[in-house]
Amino acid sequence: MTFRWARIVAAALPIVASLGAAAAAQTLRVAPHSDLKVVDPIWTSALISVNHGYMIYDTLFALDDELAVQPQMVERHETSADKLVWTFTLRDGLEWHDGQPVTADDCIASIGRWAARDSMGQKLMSYVAMLAAPDVKTIRMTLKEPYGLVLQTLAKPGANVPFMMPKRVAQTDPNQQITDFTGSGPFIFKRDEWRPGEKVVYLKNPKYRPRNAPASGLAGGKVPKVDRVEWIWIADPQTQVDALIKGEIDMIEQPPHDLLPLLEAEKNIALTVTNPPGRQFAFRFNVLHKPFDDPKVRQAVAYAFDQKDFLEAVIGDPKWYRECKSMFPCGSPLQSTRGWDDKLGSDFPQARRLLREAGYDGTPIVLMQSTDIVSLSNLAPVAKSLLEKAGFKVDLQAMDWQTLVARRAKKDPPDAGGWHAFLTSWASVDILDPVATGFLNASCEKAMFGWPCDAELERLRDAFAKETDPARQKSIAEAVQLRVAEYPTHIQLGQYVQPVALRKGVSGLLPGPSIAFWNIEVK
């Protein structure tokens, strides 16, 4: 399916993007959207950890700026006539940061660990009969039956990204965080200079061999053009903006939307949108514990919520957001509102009726609130207000994002350190279809945090994975939406676009769902 950044700008969200230019040194100083505390991008799906992963690791395949799959660490690949055997040959000269060569065994171990945590990876591996390394540069994947999403899965751009790691690292239990951060990517993580709550430092990898191709999206030649990248954690958004205006930093990854007019007025600052398809807000349920173990109670939430309330509270200016009841992004081929036209409109009488039918007993909803990410901090108070109007009791618990990331992995009861719900966002390119959308994985204990368990959803996701006809894919995707209306796994809360703020003098920022720090120059 074609889903191009340029088309989405025209088809989805009315935005104004201006491009940056040039000025400064060999160090790029960035205020990231979150502090980096979890440095294992396989263990967590947090965007800051994904961005960290792209700094120091590489991938077998990647998406270019038109979302076409391109080889990255792979030099060439072949498929047997019966579509059951895929052979991938690694590029010459790939090596880890410690100087050891990248081998097929490293990649096989990496695929295995990643697939244990990722929705698309799990689905792919359910079709894999064997992964083998005939020699040090060759990966052979033998399937049980043809599978139409092999390359799309290995090239997925968002959490969890199939980053390649040395075998000794990839053999770490998928449920445990790694302690060795050796990669093969364009930058090297300076662990000795990492200060959680203050700064993360990356150095240019002098031995990195980029592809002989122009940089494009997350693919092509990843050429690091600065010697050093510093992520400087500044918790207060106004302080971030002041630091950018004064030239103390070069970039703000996610400036708050209410401060964009101030930045637009500065002649030395440029705003640019690297991800025109934008992001989708989502309210995630934990189905393990009462009351959200009952689908009717979750349906009540869908009737209580109104997307505009959330979008206004966080984004404010309609030129940056769009109400969209489709589970799959508006502007994409699978856009549909089937099953959701009567929801997301604050129908409180219907929500209360469902709660009565479900026998809701007043159990307080432990709602986790991230307080240190501007694009998320105001979501939970809106959710609390709407839930209470529908008849829920809500226990709003504030914490920083990294604490939330660690806590959401726990299956403990909410009154013993667990949780009922939280809010987050996904890049639109990560939720294009039922297989890619992590929150639609309903494989019980193998599902993402929240652990939905529904055989019908899994049957539909399997059917989508096998289908190649676009019309049939559309039909299956609509069946998924109808099923999620009956068995909610999460609630989609609208789309928005997030610009990046740059000093004029910073150039080379590439379009893509994650910030690509290679190709950026600071003159």
Side-chain angles (χ1 to χ4, degrees), residues 32 34-62 72-74 90-91 93-118 121 125 131 133 136-137 139 154 156 158-210 218 222 224 227-231 233 402-403 405-406 409 514 517-518:
S34 172
D35 185 24
L36 179 70
K37 291 181 180 176
V38 180
V39 287
D40 183 350
I42 304 302
W43 185 85
T44 183
S45 61
L47 177 59
I48 190 67
S49 301
V50 171
N51 289 349
H52 163 78
Y54 276 114
M55 294 293 284
I56 68 173
Y57 301 112
D58 216 338
T59 56
L60 297 176
F61 293 87
Q72 198 59 32
M73 296 173 76
V74 168
L90 297 174
R91 288 196 286 130
L94 299 179
E95 66 176 54
W96 302 110
H97 294 156
D98 61 8
Q100 295 300 308
V102 174
T103 70
D105 280 334
D106 294 321
C107 297
I108 288 172
S110 297
I111 291 170
R113 183 171 188 264
W114 156 77
R117 300 285 298 189
D118 180 73
M125 292 305 289
L131 273 172
V136 294
K137 287 182 56 183
I139 304 163
L154 294 176
K156 73 187 301 276
N160 296 82
V161 177
F163 292 120
M164 296 296 106
M165 301 178 179
K167 183 177 180 180
R168 68 176 186 277
V169 180
Q171 288 176 327
T172 303
D173 185 326
N175 297 310
Q176 302 294 323
Q177 295 187 47
I178 60 173
T179 56
D180 181 337
F181 309 110
T182 304
S184 67
F187 292 94
I188 298 170
F189 176 45
K190 284 283 289 175
R191 188 176 184 179
D192 59 330
E193 293 191 54
W194 176 36
R195 301 287 184 271
E198 296 180 22
K199 185 168 68 173
V200 190
V201 175
Y202 303 92
L203 299 184
K204 175 181 178 179
N205 177 8
K207 296 183 179 180
Y208 182 72
R209 290 196 178 187
L218 296 171
K222 297 181 179 180
D227 296 317
R228 180 181 174 98
V229 178
E230 295 181 357
W231 291 0
W233 177 235
Q402 297 301 319
T403 299
V405 165
S514 296
F517 287 94
W518 57 88

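Here, residue 1 is the first one in the sequence, and each next residue gets the next number. Side-chain atoms are counted along with the backbone in the values below, which use heavy atoms only and exclude waters and symmetry mates.
- Considering only heavy atoms from C-beta on, T182 comes within 4.5 Å of R168 through its side chain.
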Practice task
Would you sort out whether I108 and I139 count as a side chain to side chain contact (heavy atoms under 4.5 Å, CB included), showing the intermediate values?
Solution key: CA-CA 7 Å; I108 288 172; I139 304 163; 4.0 Å; yes
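- Side-chain atoms of L94 and T103, non-hydrogen and from C-beta on, never get closer than 4.5 Å to each other.
- Atom SG of C107 sits about 4.5 Å away from atom CG of L90, to the nearest 0.5 Å.
- When all heavy atoms of P41 and G53 are compared, the pair lying nearest together is CG-CA, 4.1 Å.
- Annotation: side chain of H52 is not in contact with side chain of P32 (no heavy-atom distance under 4.5 Å).
- The shortest non-hydrogen separation linking A62 to L218 is CB-O, 3.2 Å.
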Exercise for the section: Start with the C-alpha gap between D106 and W96, add the side-chain angles, then the distance that decides, and say whether side chain to side chain contact (heavy atoms under 4.5 Å, CB included) holds. Expected result: CA-CA 10 Å; D106 294 321; W96 302 110; 3.0 Å; yes
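- Separation of atoms CD1 (I188) and CG (N205) is listed at 4.5 Å; rounding is to 0.5 Å.
- By the 6.0 Å contact criterion, CZ on R209 is open, its count of non-hydrogen atoms from other residues, nucleotides or ligands being 12 or less.
- Here the side chain of S110 pairs no donor or acceptor atom with the backbone of A170 at under 3.5 angstrom.
- Taking NZ from K204 and CZ from R228, the interatomic distance works out to 15.0 Å, rounded to the nearest 0.5 Å.
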Exercise for the section: Could you check V102 against D58 for side chain to side chain contact (heavy atoms under 4.5 Å, CB included), going step by step and ending with a plain yes or no? Expected result: CA-CA 11 Å; V102 174; D58 216 338; over 6 Å; no
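- Once rounded to the nearest 0.5 Å, the distance linking CG of N51 with CG of L36 reads 9.5 Å.
- Closest approach of L60 and M164 over heavy atoms only: CG-SD, 3.9 Å.
- Across all their heavy atoms, P186 and P224 have their closest contact at O-CG, 3.7 Å.
- Electrostatic pairing of R117 and D40 does not count as a salt bridge here, judged by no charged N lying under 4.0 Å from a carboxylate O.
- Aromatic pair H97/F189: centroids not less than 6.0 angstrom apart.
- Looking only at distances, a side-chain donor or acceptor of W114 sits under 3.5 Å from a matching main-chain atom of N160.
- K190 contributes no side-chain N or O that, together with a main-chain N or O of D192, makes up a donor-acceptor pair within less than 3.5 Å.
- Between M125 and I111 there is a side-chain heavy-atom pair separated by less than 4.5 Å.
- Between F181 and W194, the angle of the ring planes goes over 60°, which puts this pair in the perpendicular group of the 30/60° scheme.
- Remark: the backbone N or O of V38 is paired with a side-chain donor or acceptor of S49 at under 3.5 angstrom.
- With hydrogens and angles disregarded, no donor-acceptor distance shorter than 3.5 Å links the side chain of D105 to the backbone of V136.
- Distance check: M165 CE to D180 CG gives 9.5 Å after rounding to the nearest 0.5 Å.
- Within the 4.5 Å cutoff, no side-chain heavy atoms of V161 are placed close to those of Y57.
- In this structure, F187 has its ring center at least 6.0 angstrom away from the ring center of W518.
- Taking the ring centroids of F163 and Y54, they lie under the 6.0 Å cut-off.
- Between atom OG1 of residue T44 and atom CD of residue Q402 there is a gap of 7.0 Å, rounded to the nearest 0.5 Å.
- Summarising the geometry of K222 relative to Q72, their closest heavy-atom pair is CE-NE2, 3.7 Å, with the distance given to 0.1 Å.
- Listed here is the closest heavy atom pair of S514 and L47: OG-CD1, 4.1 Å.
- Counting heavy atoms from C-beta outward, K156 and D118 have side chains that approach closer than 4.5 Å.
- W43 is not listed as a side-chain neighbour of I178, based on a closest heavy-atom distance of 4.5 Å or more.
- Looking only at distances, no side-chain donor or acceptor of E230 sits under 3.5 Å from a matching main-chain atom of K199.
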